[in-house]
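The next block holds one structure in the form of structure tokens; read it before the comments.
Side-chain atoms are counted along with the backbone in the values below, which use heavy atoms only and exclude waters and symmetry mates. Just so you know, ligand 1 is whichever comes first in the structure, and atom 1 is the first atom listed for that ligand.
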Amino acid sequence: MGSVIIGTGVAVPPRIVTNDDLAAIMDTSDEWIRSRTGVRQRHIADPGVGASDLAADAVVEALRDAAVAPEDVDVLITATMTPDQFAPGISGMVQDRCGLGHIASFDLRQQCGGYLYGLDLADALLRSGKARCVVVVGAEVHSGYMPYGASWEILRGQRSGPADPVDHAAATEARGWAVLFGDGAGAAVLATDDGPGTGFVGSVLRTDGSHADLIEVPGVGFRHQPYVDAAQLEARAHWPSMNGMELFRQAVTCMPAAVREVLAGADLTVDDLSLVIAHQANDRILDGVRKQLGVDADLVPSNIARYGNTTAATLPILLHEQRAAGRIEPGDLVCFTAFGAGAHWGASLYRVPGAR
Ligand SMILES: CC(C)(COP(=O)(O)OP(=O)(O)OC[C@H]1O[C@@H](n2cnc3c(N)ncnc32)[C@H](O)[C@@H]1OP(=O)(O)O)[C@@H](O)C(=O)NCCC(=O)NCCS
């Protein structure tokens with residue numbers, strides 16, 4: 001028995017912030033962001049909208065697409081690094097908002113690798129017979145990290161510039177990571193399937209905790225007593241801290257290696273692939289992945305220009321778009337791959353049910 005994807009859904013906040021909008025509140029430019037990352041715009045949530053809200057909307061759409069009633073879901077897996085509040089996680093909020101039963105639900109904290117881990121866990125639950133229908137949703141509201149102060153009013157069109165010099169300086173200090181990220185959510189419904197050799201046919205999940213400091217939020221945690229205080233905020237310990245160059249190097253090495261490993265384990269090669277749904281962190285990382293695998297842009301598509309890096313939501317958003325565009329046909333072999341903070345990475349292989 002295998003597990004197959006029977007529905008997908010996406011939810012992104014309607015407000016869009018372009019690179020030029022960011023250039024009005026910090027020292028950056030559309031040219032710098034586009035040429036270094038491929039990002040042209042990102043969606044941003046309004047205050048009061050949490051990852052659980054976007055996740056719930058994406059789950060409702062995915063259930064509708066799958067024609068599955070909320071009461072028929074057995075397990076809900078939510079992946080996020082930007083939960084609505086410190087505790088509890090968002091899975092219970094999403095379960096409640098979507099009208100799911102009193103089912104098992106839990107959060108994953110594997111950042112950009114979270115959705116890949118979620119798919120693998122869902123497959124294991126379905127394959128073992130512990131569940132017959134599992135929903136996996138990735139959702140992020142990164143906007144809460146952005147130290148834009150009163151400049152948010154400019155981004156939200158509530159007033160025109162110029163930005164306050166203190167806010168401008170803080171935004172510029174954060175520009176190395178702040179321009180990369182966007183908000184959004186994507187969900188998939190998975191169910192058991194009896195087809196021979198279809199569904200998830202292999203996976204490789206990896207962790208190297210020695211690289212946890214490549215991208216981390218070092219403060220606001222229980223090694224500190226109290227866990228949050230003015231000194232941490234003063235030291236910017238609640239901001240992401242990122243070694244962009246080394247992350248880049250790790251991502252372009254680890255993702256292709258995982259893809260090759262999972263293919264080899266299933267006695268397949270790169271030539272057998274119909275599509276690679278890869279984590280969307282940077283277009284130049286995707287170029288590196290294509291080069292390492294010896295494939296073209298059509299096989300490893302990108303949508304980062306429109307969303308930025310939505311962390312746990314990038315895989316399901318791209319999956320949903322590729323399904324909608326008719327790029328996923330019966331019999332196709334789809335590979336999912338991601339690399340994220342932790343460091344957690346891997347790849348999984350999915351054979352679309354039905355004959356070619
Ligand atoms: C972040 C990233 C785009 C930076 O690109 P880069 O070419 O390595 O750029 P650098 O960090 O070396 O910075 C080069 C210069 O641009 C400046 N810069 C950084 N961000 C900038 C921005 N948004 N606008 C303008 N200039 C910027 C830097 O201050 C630096 O200036 P300096 O040379 O005067 O010190 C790239 O390293 C990357 O994408 N890494 C992976 C990040 C990632 O995947 N994160 C998510 C993890 S899953």
Side-chain angles (χ1 to χ4, degrees), residues 17-42 79-82 108-117 138 140 142 145-148 151 155 163 168-184 206-209 211-218 236 239-256 258 277-289 300 302-305 307-315 317-318 336-347:
V17 166
T18 66
N19 294 342
D20 283 335
D21 293 334
L22 290 182
I25 66 148
M26 67 171 78
D27 192 0
T28 191
S29 67
D30 176 52
E31 200 284 321
W32 193 98
I33 301 171
R34 252 189 312 114
S35 62
R36 299 295 221 287
T37 72
V39 180
R40 288 168 184 264
Q41 63 173 47
R42 70 286 294 142
T80 186
M81 70 170 291
T82 50
L108 294 181
R109 294 197 53 178
Q110 269 60 36
Q111 293 65 243
C112 300
Y115 204 81
L116 192 71
Y117 272 66
E140 305 289 357
H142 289 300
Y145 281 130
M146 308 310 170
Y148 297 161
S151 292
L155 294 181
H168 191 275
T172 299
E173 198 181 328
R175 67 183 179 178
W177 51 267
V179 303
L180 304 177
F181 295 98
D183 302 337
R206 299 279 177 244
T207 298
D208 182 353
H211 283 141
D213 59 353
L214 291 183
I215 178 162
E216 62 176 349
V217 180
R236 316 277 207 216
W239 286 17
S241 128
M242 184 175 91
N243 177 346
M245 280 301 248
E246 188 51 29
L247 260 180
F248 194 102
R249 263 194 290 273
Q250 291 293 329
V252 295
T253 308
C254 292
M255 281 192 283
I277 307 269
H279 176 54
Q280 306 285 301
N282 184 321
D283 253 345
R284 290 189 301 147
I285 291 178
L286 293 173
D287 280 340
V289 169
V300 188
S302 165
N303 65 4
I304 194 171
Y307 300 109
N309 181 352
T310 56
T311 301
T314 75
L315 294 188
I317 292 176
L318 187 58
F336 295 91
T337 184
F339 180 89
H344 302 286
W345 73 96

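- Checking Thr310 against Glu140 by side-chain atom types alone, no donor-acceptor pair falls below 3.5 Å.
- Remark: the Gln41 side chain and the Thr18 side chain contain no N/O donor-acceptor pair separated by less than 3.5 Å.
- The side chain to side chain contact (heavy atoms under 4.5 Å, CB included) check on Glu216 picks up Asp213, Pro218, Ser241, with sequence neighbours excluded.
- For residues 169-182, every residue pair satisfying the side chain to side chain donor-acceptor pair (under 3.5 Å) rule, not counting sequence neighbours, is listed here: Glu173-Arg236.
- Every residue meeting the side chain to side chain contact (heavy atoms under 4.5 Å, CB included) condition with Val17, not counting sequence neighbours, appears here in chain and number order: Asp21, Leu22, Arg42, Ile44, Leu155.
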Give one line per pair: atom of ligand 1, protein atom, distance. Only N/O to N/O under 3.5 Å.
unit_1   : atom_1 : unit_2 : atom_2 : d
ligand 1 : 7 (O)  : Arg36  : NE     : 3.1
ligand 1 : 16 (O) : Trp32  : NE1    : 3.4
ligand 1 : 23 (N) : Thr28  : OG1    : 3.2
ligand 1 : 23 (N) : Arg175 : O      : 3.3
ligand 1 : 24 (N) : Thr28  : OG1    : 2.6
ligand 1 : 26 (N) : Trp32  : NE1    : 3.4
ligand 1 : 29 (O) : Arg175 : NH2    : 3.1
ligand 1 : 37 (O) : Gly244 : O      : 3.4
ligand 1 : 39 (O) : Asn282 : ND2    : 2.5
ligand 1 : 40 (N) : Gly244 : O      : 3.0

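- Atom NE2 in His279 sits 14.5 Å away from atom CH2 in Trp345 (nearest 0.5 Å).
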